[in-house]
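Quick caveat, the model's predicted, so the values are computed rather than measured.
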Amino acid sequence: ISIPDVVKTIDDRAFYDCSSLESVFMEGFDPPVLGEDVFADSLICNLKDNGVCADYICKVPGISSGIAMIAVAQDDNAIIVIPGANDCVTTDYLDTVKDQILLADIIVLQNEIPRETVKAAVKLARSNGKTIIYNPAPVQEPDAYILENVDYITPNEHEIEVLFPGDELENKLRICQ
């Protein structure tokens, strides 16, 4: 079997009728939007069962929840992204929940929501003195503003190659410290 080492996006209805989702998020993290599907109900239940506040989660009618699956083969992996409701985390939505976001000391971001929303969240967090952890998955072309304004970045081997092309490994690791 051969699996490419690139991000692939497929139609968001591909998993619309799946019957279960097992996922636990770190305490205090709320995915802001979910689709109107079995993933949403299972995830909200799982979050609540694990003591995570789910009060600010909203369901987007007529769309599936966003998911990302990691396929592993021959010491490599590929991320299969189905954006679903994650694409609804717009800068306008960010404005409506910024008071709740700013209650946190640490803001964790990744590229499963639109780039402009990640950038706006970095600006919001930076202007309010928050610590920002950025997981650049799924990897996209680098954005200088984001990279220069986060406190911590957690790239994997493939992501570091995309974000810092041409640099020697030692220099890449120093940049990411």
Heavy-atom donor-acceptor pair, [X] side chain to [Y] backbone, under 3.5 Å:
X    : Y    : result
D37  : S64  : no
D151 : I132 : yes
T117 : V89  : yes
E159 : N156 : yes

- Item | salt bridge (Lys or Arg N to Asp or Glu O under 4.0 Å) contacts in which one or both residues fall within residues 92-114, not counting sequence neighbours |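 Every candidate salt bridge (Lys or Arg N to Asp or Glu O under 4.0 Å) pair involving residues 92-114 fails, so no pair, neighbours aside, qualifies.
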- Message: Does anything in residues 133-143 form a salt bridge (Lys or Arg N to Asp or Glu O under 4.0 Å)? List the pairs, not counting sequence neighbours.
- Response: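 Qualifying pairs: R115-D143, K119-D143.
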- CA sep, side-chain torsions, deciding dist, call: T131, Y152, side-chain contact (heavy atoms from CB on, under 4.5 Å): CA-CA 8 Å; T131 299; Y152 301 97; 3.8 Å; yes
- Query: When you look at L47 and I57, which way does the side-chain contact (heavy atoms from CB on, under 4.5 Å) test go after all the steps?
  - Reply: CA-CA 11 Å; L47 290 170; I57 296 173; 3.6 Å; yes
- Does the side chain of D41 reach to within under 4.5 Å of the side chain of K59, using non-hydrogen atoms?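 Side-chain contact under 4.5 Å: yes.
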- Given L94, V150, I113, T91, the one that forms side chain to side chain contact (heavy atoms under 4.5 Å, CB included) with V118: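 Option passing the side chain to side chain contact (heavy atoms under 4.5 Å, CB included) with V118: I113.
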- Among all residues two or more places apart in sequence or in another chain, which pass the side-chain hydrogen bond (donor to acceptor under 3.5 Å, both in side chains) test with D87?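 Testing D87 for side-chain hydrogen bond (donor to acceptor under 3.5 Å, both in side chains), a comparison that skips the adjacent residues, returns none.
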- Task: Begin with the C-alpha distance, continue with both residues' side-chain angles, and end with the deciding distance and a verdict on salt bridge (Lys or Arg N to Asp or Glu O under 4.0 Å) for K48 and D55.
- Result: CA-CA 10 Å; K48 289 179 179 178; D55 295 345; over 6 Å; no
- Query: Would one find more than 12 heavy atoms of other residues, nucleotides or ligands at under 6.0 Å from atom CD of E157?
  - Reply: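 Result for CD/E157: open.
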